**Q** 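Mind having a look at this structure? Questions to follow.
Every value quoted in this text rests on a predicted model; they were computed, and no experiment measured them.
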Amino acid sequence: MCDEATDDDYNNQSSWYADKAPQGTADHGRATAELVEQRSILYKVREKLVATDARRDSILKQSKEIQDERMALATEYERALVAVNQACGKQLDAVMLQNEELKRALDAAEAKIDRL
């Protein structure tokens with residue numbers, strides 16, 4: 001029955017025993033009252049621990065969500081960087097092709113000048 005008793009049951013019993021105890025057991029009554037007080041403190045600390053664990057779990061969940069978002073952004077950044085590099089490569093190829101065409105035109109113009 002002790003395992004199933006509530007705090008109130010325990011407090012009421014302890015108080016009843018302390019009130020009904022003969023004078024010779026006053027120390028026992030004080031010890032019981034101290035035990036009840038310590039048990040109450042224990043339950044309060046346990047409640048705070050449970051609340052702290054819940055906060056920790058919430059923070060860990062948020063941390064995981066932030067990490068996932070960061071990974072998604074890093075992946076998106078990598079894709080954008082690859083796209084920019086490809087565009088720059090295509091643009092460089094076009095400029096080099098245009099440079100070759102201009103060089104040929106210049107060579108043709110110089111050859112024409114030399115013939116004149």
**Q** Can you name the residues that form a salt bridge (charged side-chain N to carboxylate O under 4.0 Å, His left out) with D107, not counting sequence neighbours?
**A** none
**Q** If we ignore hydrogens and angles and just use 3.5 Å, is the side chain of T75 paired with the main-chain N or O of M71 as donor and acceptor?
**A** yes
**Q** Calculate, to the nearest 0.5 Å, the distance between atoms CG and CZ belonging to L81 and R79 respectively.
**A** 13.0 Å
**Q** Any side-chain to backbone donor/acceptor pair from S40 onto V36? Under 3.5 Å, distance only.
**A** no
**Q** Can you tell me if E76 has over 12 outside heavy atoms packed within less than 6.0 Å of its CD?
**A** no
**Q** Let me confirm one number: the CG-NZ distance from L42 to K44, rounded to the nearest 0.5 Å.
**A** 11.5 Å
**Q** To the nearest 0.5 Å, what is the distance between OG (S63) and CG (D68)?
**A** 9.5 Å
**Q** Are any non-hydrogen side-chain atoms of E69 and E65 less than 4.5 angstrom apart?
**A** no
**Q** Using a cut-off of 6.0 Å, state whether more than 12 heavy atoms not belonging to Q91 lie near its atom CD.
**A** no
**Q** Please report the interatomic distance CZ(R56) to CG(L49), rounded to the nearest 0.5 Å.
**A** 8.5 Å
**Q** Let me confirm one number: the CZ-NZ distance from R55 to K48, rounded to the nearest 0.5 Å.
**A** 11.0 Å
**Q** Roughly how far, to the nearest 0.5 Å, is the CD atom of Q62 from the CG atom of L60?
**A** 9.5 Å
